[in-house]
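Structure first, then comments.
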Amino acid sequence: MSDMELQVRHLRVLVAIARAGSLNRAAGELRLAQPALSHQLRRIEQLVGERLFDRGPRGVRATRIGELVLARAAAIIPAFDELDRDFRLQQPSPGGLRIGWNDSSLVPGLFGCVERLLPGHELTSRADLSHSRLVTQVAGGCVDLAVAMICGPRTLAVPDGVRAERVVVEPSFVALPARHPLAASPVVELGDLAQEQWIVSSCGDGCRVVFREMCLAHGFTPRIAHDVDALRHRLVSGEHGVCLVQPTTPEPPGMVIRPLAGDPMKVQHVLLWRADHPLGDRFAAVHLAAVAVYEQLVAQNDRYRGWMDNGVA
């Protein structure tokens with residue numbers, strides 16, 4: 001391949017040609033003259049260093065290399081489109097209120113707080129596992145309010161004009177299969193999990209580093225068997241490994257949740273919004289209500305409440 005690299009615009013051209021099945025039809029879709037599109041295709045093929053389409057009297061057909069490039073394009077183009085939607089400055093819809101979140105147990109209760117404290121605003125939401133992207137989305141106006149979870153003692157970096165109000169700092173507990181030898185223990189030593197297969201989220205933002213450092217401080221390197229963003233609890237219930245969870249997490253069948261001795265991993269839940277937002281003053285009331293929501297979650301969870309009262313569940 002040449003020193004120049006393929007760009008997303010090149011991939012869009014290739015997808016249009018494959019979809020149309022001929023250069024003439026693709027040129028019409030792209031609003032280009034057919035000779036200009038032919039020139040672009042030849043340039044792209046020079047960049048790749050291989051012929052991407054076979055030309056024939058009935059149109060064009062992707063070569064083996066062309067099919068490989070098109071398969072990658074099918075994954076890359078939607079990802080770039082999503083980035084464009086997420087990070088470009090968007091104007092809020094009249095009466096709308098957009099909330100971003102990344103798996104915090106506060107989310108359902110937070111929605112209720114918003115609906116109660118800000119009536120008349122249509123609530124929509126979007127999930128994003130990255131707290132840094134949530135900060136960017138708040139700063140850029142893509143979401144109006146966000147609740148983000150941050151692993152460890154790190155300080156959340158926010159730009160000027162974005163308010164970050166901590167709701168709670170809580171310990172991480174561990175989820176174990178119900179038949180695990182440590183399932184009957186009121187508290188689990190992290191070092192006793194050194195030989196376990198771990199189920200870990202790929203959320204980024206340095207969370208994986210914090211997790212590894214925690215394990216190394218307890219004398220072992222974690223064996224990450226499953227790198228997932230969903231279904232972690234089902235994998236635990238199916239006896240495929242163990243994972244860290246929020247202490248207010250309900251116990252589904254086949255899984256138990258236990259505190260870790262010494263609270264080696266803390267997680268912060270932070271509410272974010274722009275200081276100049278028209279509802280900024282009322283978001284402060286939402287923050288206070290979110291604190292009350294967490295207190296209710298604790299009150300409804302005997303295991304966690306007992307741990308808080310007595311140091312063990």
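Side chains included, hydrogens not; waters and symmetry mates left out as well; all remaining heavy atoms used.
With contacts defined as side-chain heavy-atom distances shorter than 4.5 Å, the pair Met265/Val210 qualifies. Val13 is not listed as a side-chain neighbour of Leu41, based on a closest heavy-atom distance of 4.5 Å or more. With contacts defined as side-chain heavy-atom distances shorter than 4.5 Å, the pair Leu260/Leu244 qualifies. A heavy-atom distance below 4.5 Å is not found between the side chains of Gln137 and Arg98. Taking the side chain as every heavy atom from C-beta outward, Trp101 and Ser125 approach each other to under 4.5 Å. Proximity of Leu156 to His131: side-chain heavy atoms (C-beta onward) are separated by under 4.5 Å at one or more points. Between His233 and Val245 the shortest side-chain heavy-atom distance falls below 4.5 Å. Ile77 is listed as a side-chain neighbour of Arg12, based on a closest heavy-atom distance under 4.5 Å.
No side-chain donor from either of Gln40 and Arg43 sits under 3.5 Å from a side-chain acceptor of the other.
Using the six-membered ring where Trp is involved, Trp198 and Phe220 have ring planes that are parallel, under 30° apart on the 30 and 60° scheme. Relative orientation of the Trp273 and His287 rings is tilted, given thresholds of 30° and 60° on the angle between their planes.
Note that the CG atom of Asp128 and the CG atom of Asp103 stand 11.5 Å from one another [nearest 0.5 Å]. Going from atom SG of Cys243 over to atom NE2 of His226 covers 10.5 Å, rounded to the nearest 0.5 Å. With rounding to the nearest 0.5 Å, the separation of OG in Ser38 from CG in Leu32 is 10.5 Å. Residue Ile44 holds its CD1 atom at 8.0 Å from CG of Leu11, rounded to the nearest 0.5 Å. How far CG of Leu279 is from CG of Leu145: 9.5 Å, rounded to the nearest 0.5 Å. Taking NE2 of His277 as the start and CG of Leu97 as the end, the distance is 6.5 Å to the nearest 0.5 Å.
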Notebook entry, point to check: Taking it one step at a time, do Val69 and Arg72 satisfy side chain to side chain contact (heavy atoms under 4.5 Å, CB included)?
Noted result: CA-CA 5 Å; Val69 174; Arg72 295 298 178 90; 5.9 Å; no

Next item on the list: Just do the side chain to side chain contact (heavy atoms under 4.5 Å, CB included) check on Val167 and Val147 with the steps written out, would you?
Entry: CA-CA 9 Å; Val167 178; Val147 57; 5.5 Å; no

Margin query: Determine whether Leu118 and Leu123 satisfy the following criterion, side chain to side chain contact (heavy atoms under 4.5 Å, CB included), listing intermediate values before the conclusion.
Written below: CA-CA 10 Å; Leu118 303 172; Leu123 176 62; over 6 Å; no

Checklist line | Test log, rule side chain to side chain contact (heavy atoms under 4.5 Å, CB included), inputs Thr249 and Tyr304 | finding: CA-CA 9 Å; Thr249 302; Tyr304 186 28; over 6 Å; no

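Contact between Ser172 and Val267 at its shortest, heavy atoms only, is OG-CG2, 3.4 Å. Across all their heavy atoms, Pro250 and Met255 have their closest contact at O-CE, 4.2 Å. The two residues Val135 and Pro159 come nearest to each other via the heavy atoms CG1-CD, 3.5 Å. Minimum heavy-atom separation, Gln246 to Ser105: OE1-N, 2.9 Å. When all heavy atoms of Pro247 and Pro171 are compared, the closest pair comes out as CD-O, 3.1 Å. The shortest non-hydrogen separation linking Ala139 to Arg274 is O-CD, 3.7 Å.
Residues Leu117 and Val107 are members of one and the same hydrophobic cluster, defined by side-chain heavy-atom contacts under 4.5 angstrom among Ile, Leu, Val, Met, Phe, Trp and Tyr. By the criterion of side-chain heavy atoms lying less than 4.5 angstrom apart, applied directly or through intervening Ile, Leu, Val, Met, Phe, Trp or Tyr residues, Ile76 is grouped together with Ile65 in one hydrophobic cluster. Val286 and Tyr294 fall within a single hydrophobic cluster, where Ile, Leu, Val, Met, Phe, Trp and Tyr side chains are chained together by heavy-atom contacts under 4.5 Å. Leu272 and Phe283 end up in different hydrophobic clusters when Ile, Leu, Val, Met, Phe, Trp and Tyr side chains are linked at under 4.5 Å. If you chain together hydrophobic residues whose side chains sit under 4.5 Å apart, Val256 and Leu190 fall into the same group.
Between the side chain of Glu170 and the backbone N or O of His269, no donor-acceptor pair lies under 3.5 Å. Between the Arg166 side chain and the Ala164 main chain, no donor and acceptor come within less than 3.5 Å of each other. Not a single donor-acceptor pair under 3.5 Å links the side chain of Ser185 to the backbone N or O of Val188. A donor-acceptor pair under 3.5 Å is formed between the side chain of Gln268 and the backbone N or O of Gly152. Judged purely by atom type and a 3.5 angstrom limit, Thr63 uses its side chain to pair as donor or acceptor with the backbone of Leu52.
Around CZ of Arg223, the count of heavy atoms belonging to other residues, nucleotides or ligands within 6.0 Å exceeds 12. Heavy atoms of other residues, nucleotides or ligands lying less than 6.0 angstrom from CG of Asp281 number 12 at most.
Under 4.0 Å is where a charged nitrogen must lie from a carboxylate oxygen, and between Arg258 and Glu251 at least one such pair does.
None of Val143, Asp144, Val158 except one satisfies the side chain to side chain contact (heavy atoms under 4.5 Å, CB included) rule with Val138; the exception is Val143.
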